[in-house]
Amino acid sequence: MSLIASQNKRIVILVSGSGTNMLNIAEQCAEQRVAGKVVAVIANKADASGIAKAAELGLETAVLAHRNFTSREAYDQALAELVTSYQPDVVVLAGFMRILTAEFVQPFQGRLLNIHPSLLPKYKGLHTHERALANGDTEHGVSVHFVTEELDGGPVILQAKIPIFDGDTIDDLQQRVHEQEYRIYPLVVNWLCNERLRLTAAGAELDGQLLGPSGYAAEDE
Ligand code: NHR
Ligand code: GAR
């Protein structure tokens with residue numbers, strides 16, 4: 001590891017929605033808390049409000065509407081070309097709502113992160129807060145993982161837990177999860193920027209140590 005502050009890595013962020021995680025990461029980069037710079041924010045639909053927010057901040061933005069493509073593969077190939085044009089070191093999914101095929105995942109494997117609002121492997125896919133409430137869970141949370149071809153199935157890097165209280169609504173959980181997302185996602189992005197993280201055949205490694213199924217520093221259960 002170098003004692004000199006690492007050079008800024010190029011980060012591309014993909015969004016579909018409000019983009020608050022994207023804004024948080026961009027801010028942390030601007031404050032040098034993450035060793036990267038956001039070189040583009042890309043959405044799969046024009047009305048993603050994250051795009052307007054990114055543009056307001058003066059970030060480069062692009063929209064590639066999936067509606068204009070006839071197959072997932074064709075879309076993913078076009079998306080991969082667009083992302084590649086920004087020469088990213090790190091690609092961050094932040095509320096990106098399209099399942100990605102191998103066309104997209106393969107070129108970026110090992111550089112591609114997602115944040116998923118559940119304690120993976122619980123509740124892969126959509127509507128995680130509803131499902132946690134419906135099951136009467138007392139604990140919930142969020143996971144940052146490497147993206148692989150298996151949906152929400154790539155190795156977990158870091159998780160944060162939240163409690164579920166009687167009478168909680170989906171909005172309560174969403175808000176509690178968001179607070180944790182703003183803490184853990186920049187941390188993991190910074191690890192990747194600093195080349196401390198690696199995706200290997202065995203799983204995710206941090207500083208050469210293979211991480212367990214719940215990622216770094218998880219309590220044993
Ligand atoms: N792609 C791969 N290959 N692997 C992952 O781990 C991925 C991924 C794409 C997105 C984010 C994920 C999440 O964190 C993510 C992880 C969308 C859906 C989904 O069902 C599921 C999981 C995630 C994102 N999307 C619908 C689809 O048909 C569309 C839903 C909508 O537009 O509202 O793509 O949860
Ligand atoms: C986040 O809570 C993220 O975990 C979740 O969407 C929210 C996006 O918020 N991701 C998914 O549900 C992926 N399927 P943001 O746009 O304000 O960052």
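- Cluster annotation: Tyr185 and Phe146 are assigned to the same hydrophobic cluster (Ile/Leu/Val/Met/Phe/Trp/Tyr, side-chain heavy-atom contacts under 4.5 Å, transitive).
- Taken to the nearest 0.5 Å, the OG atom of Ser16 stands 9.5 Å off from the CD1 atom of Ile51.
- The distance from atom CG of Asn44 to atom CG of Leu79, rounded to the nearest 0.5 Å, is 8.5 Å.
- Other members of the hydrophobic cluster containing Ile99, listed by chain and number, are Leu151; membership follows side-chain contacts under 4.5 Å among ILVMFWY residues, whether direct or relayed.
- Using a 3.5 Å distance cut-off with no hydrogens or angles, the side chains of His140 and His129 do pair a donor with an acceptor.
- Using a cutoff of 4.0 Å between basic side-chain nitrogens and carboxylate oxygens, Arg10 and Asp89 are not scored as salt-bridged.
- By the 6.0 Å contact criterion, CD on Glu149 is enclosed, its count of non-hydrogen atoms from other residues, nucleotides or ligands being greater than 12.
- Atoms OG1 and CG, from Thr200 and Leu210 in turn, are 6.0 Å apart once rounded to the nearest 0.5 Å.
- Judged purely by distance below 3.5 Å, without hydrogens or angles, the side chains of Tyr123 and Asn135 pair a donor atom with an acceptor atom.
- Looking only at distances, no side-chain donor or acceptor of Asp76 sits under 3.5 Å from a matching main-chain atom of Glu103.
- With salt bridges taken as basic N to acidic carboxylate O contacts below 4.0 Å, one links Lys9 and Glu195.
- Residue Ile115 holds its CD1 atom at 4.0 Å from CD of Glu181, rounded to the nearest 0.5 Å.
- Note on Ile184 and Ile11: same hydrophobic cluster, where clusters join Ile, Leu, Val, Met, Phe, Trp and Tyr whose side-chain heavy atoms are under 4.5 Å apart, directly or indirectly.
- Between Leu14 atom CG and Phe96 atom CZ the span is 5.0 Å, to the nearest 0.5 Å.
- Considering CG of Asn8 and NZ of Lys37, their distance stands at 6.0 Å, rounded to 0.5 Å.
- Between Leu113 and His145, every side-chain heavy-atom pair lies at or beyond the 4.5 Å cut-off.
- A distance-only check finds a donor-acceptor pair linking the side chain of Asp172 to the backbone of Thr169 [under 3.5 Å].
- Hydrophobic clustering (side-chain heavy atoms under 4.5 Å, transitive across Ile, Leu, Val, Met, Phe, Trp, Tyr) groups Ile13 together with Leu23.
- Between the side chain of Lys53 and the main chain of Ser18, a donor-acceptor pair closer than 3.5 Å is present.
- Two different hydrophobic clusters hold Val90 and Phe104 under the rule that ILVMFWY side chains link at heavy-atom gaps under 4.5 Å.
- Not a single donor-acceptor pair under 3.5 Å links the side chain of Thr61 to the backbone N or O of Ala54.
- Of the possible polar contacts, none joining the Glu60 side chain to the Val41 backbone as a donor-acceptor pair under 3.5 Å is found.
- In the displayed structure, Gln209 atom CD is contacted under 6.0 Å by at most 12 heavy atoms of other residues, nucleotides or ligands.
- For the pair Ser118 and Val142, the minimum side-chain heavy-atom distance is 4.5 Å or more.
- Salt-bridge formation is detected for the pair Arg176/Asp168: a Lys NZ or Arg NE/NH1/NH2 atom is positioned less than 4.0 Å from an Asp or Glu carboxylate oxygen.
- The closest donor-acceptor contact from the side chain of Arg131 to the backbone of Leu126 lies under 3.5 Å.
- Counted by atom type alone, Thr70 and Tyr75 present zero donor-acceptor pairs between their side chains at under 3.5 Å.
- Of the possible polar contacts, one joining the Asn24 side chain to the Tyr182 backbone as a donor-acceptor pair under 3.5 Å is found.
- Between Glu205 and Arg196 there is no salt bridge, since no side-chain nitrogen of the basic residue lies less than 4.0 Å from a carboxylate oxygen of the acidic one.
- In this structure, the side chains of Phe108 and Thr84 come closer than 4.5 Å at one or more pairs of heavy atoms.
- In terms of hydrophobic clustering, with Ile, Leu, Val, Met, Phe, Trp and Tyr side chains grouped at heavy-atom distances under 4.5 Å, Val188 and Ile162 are assigned to a common cluster.
- In this structure, Arg72 contributes its side chain and Thr101 its backbone to no donor-acceptor pair below 3.5 Å.
- Formation of a donor-acceptor pair under 3.5 Å by the Asn190 side chain with backbone atoms of Ala35 is found in this model.
- Arg111 places no side-chain N or O within donor-acceptor distance of the main-chain N or O of Val92, the cut-off being under 3.5 Å.
- Between Asp137 and Lys122, at least one side-chain nitrogen of the basic residue sits less than 4.0 Å from a carboxylate oxygen of the acidic one, meeting the salt-bridge criterion.
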